Amino acid sequence: MIEKIKHSKKVINEAMNRHPKIALACSFGKDSMVLLHLALQLKPDMPIFTIMTPFKPRETFEFKDLVTKLWNLNIKEYIQKDNIGAEKEKLWLNNPEKCCEYFKVEPTIKAIDGLDAWITGLRNTEGETRKNFKEVEHKKIIKINPILDWTELDIWRYIAFNQIPVHPWYKNGYRSLGCEPCTAIIADDQSERSGRWQRTNKCGGECGIHTKI
Ligand code: SF4
């Protein structure tokens, strides 16, 4: 565990030195909280961005505000919320792929515009769709995944040891958090992301932020 912490900090540090225009993507889920905690030790004013949607739980907005204040975050929020229209409001019901494209992927493209690199809290063991990601990826811009080899247990151990605040929904049994209509409680023996987009062909999959950008 100590080696993983050291390695993740080294990756973040090198990324910051190599890429002056860099920002950290934060969803305020458990992995993002660990990533934030590691990065802020190295750079307390680290530029951060968050992609919110009108469908995220009320508690996610509240938790974001709480952590922003508590940790004095240098953060920008991106959200599609103006003049959405009735059709897009219901997209998640019949076309989640298109819904994620509009509410998550498009704002992320705006968020990384002008950056050289971004840092994410991706982990290989979260689910099938994440097992082949690499620590450094050369995509639209450079993407750095410093906690890629952390397990779910590593994350919770680090959170407990450092008394890091966590989103209140984890206490209810959720293991991976997203928008409210597309997030379900799952059993311990299921894959971590299998509660996402249940009963759709995206079940356990990706919104597109990590696959299309
Ligand atoms: S997770 Fe669900 S509600 Fe959120 S953007 Fe994707 S389809 Fe829409």
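Atoms within each ligand, like the ligands themselves, are counted from 1 in listed order. Bear in mind that the values here come from a model prediction, so they are computed numbers and not experimental data.
Under a hydrophobic clustering in which Ile, Leu, Val, Met, Phe, Trp and Tyr are joined whenever their side-chain heavy atoms come within less than 4.5 Å, directly or via other members, L148 and I22 fall into different clusters.
For ligand 1 and W92, the ligand atoms under 4.0 Å from any heavy atom of the residue are 3 (S), 7 (S), 8 (Fe). Listed by number with element, the atoms of ligand 1 under 4.0 angstrom from any heavy atom of F103 are 5 (S). For ligand 1 and F55, the ligand atoms under 4.0 Å from any heavy atom of the residue are 3 (S).
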**Q.** Stepwise ring-ring contact (aromatic ring centres under 6.0 Å, His included) test for Y158 and H37
**A.** CA-CA 10 Å; Y158 185 88; H37 190 266; 5.3 Å; yes

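None of the N, O or S atoms belonging to C100 lies under 2.8 Å away from atom 4 (Fe) of ligand 1. With 2.8 Å as the limit, C182 does not count as an N, O or S neighbour of atom 8 (Fe) of ligand 1.
There is a side-chain donor-acceptor pair under 3.5 Å between T129 and E206. E3 and H7 share no donor-acceptor pair across their side chains, judged by distance under 3.5 Å alone.
Contact analysis puts W197 in contact with ligand 1, with a non-hydrogen atom separation below 4.0 angstrom.
Just one of D149, D154, T151 meets the side-chain hydrogen bond (donor to acceptor under 3.5 Å, both in side chains) condition when paired with K4; it is D154.
Compare C207, P181, G178, P96 by their heavy atoms: the one nearest to atom 7 (S) of ligand 1 is in P96.
Checked by atom type and distance alone, the side chain of T183 pairs as donor or acceptor with a backbone atom of G178 at under 3.5 Å.
Protein heavy atom at the shortest distance from atom 4 (Fe) of ligand 1 is C179 SG, 2.3 Å. In terms of protein heavy-atom proximity, atom 8 (Fe) of ligand 1 is nearest to C99 SG, 2.3 Å.
Summarising the geometry of F55 relative to K88, their closest heavy-atom pair is CZ-O, 4.1 Å, with the distance given to 0.1 Å.
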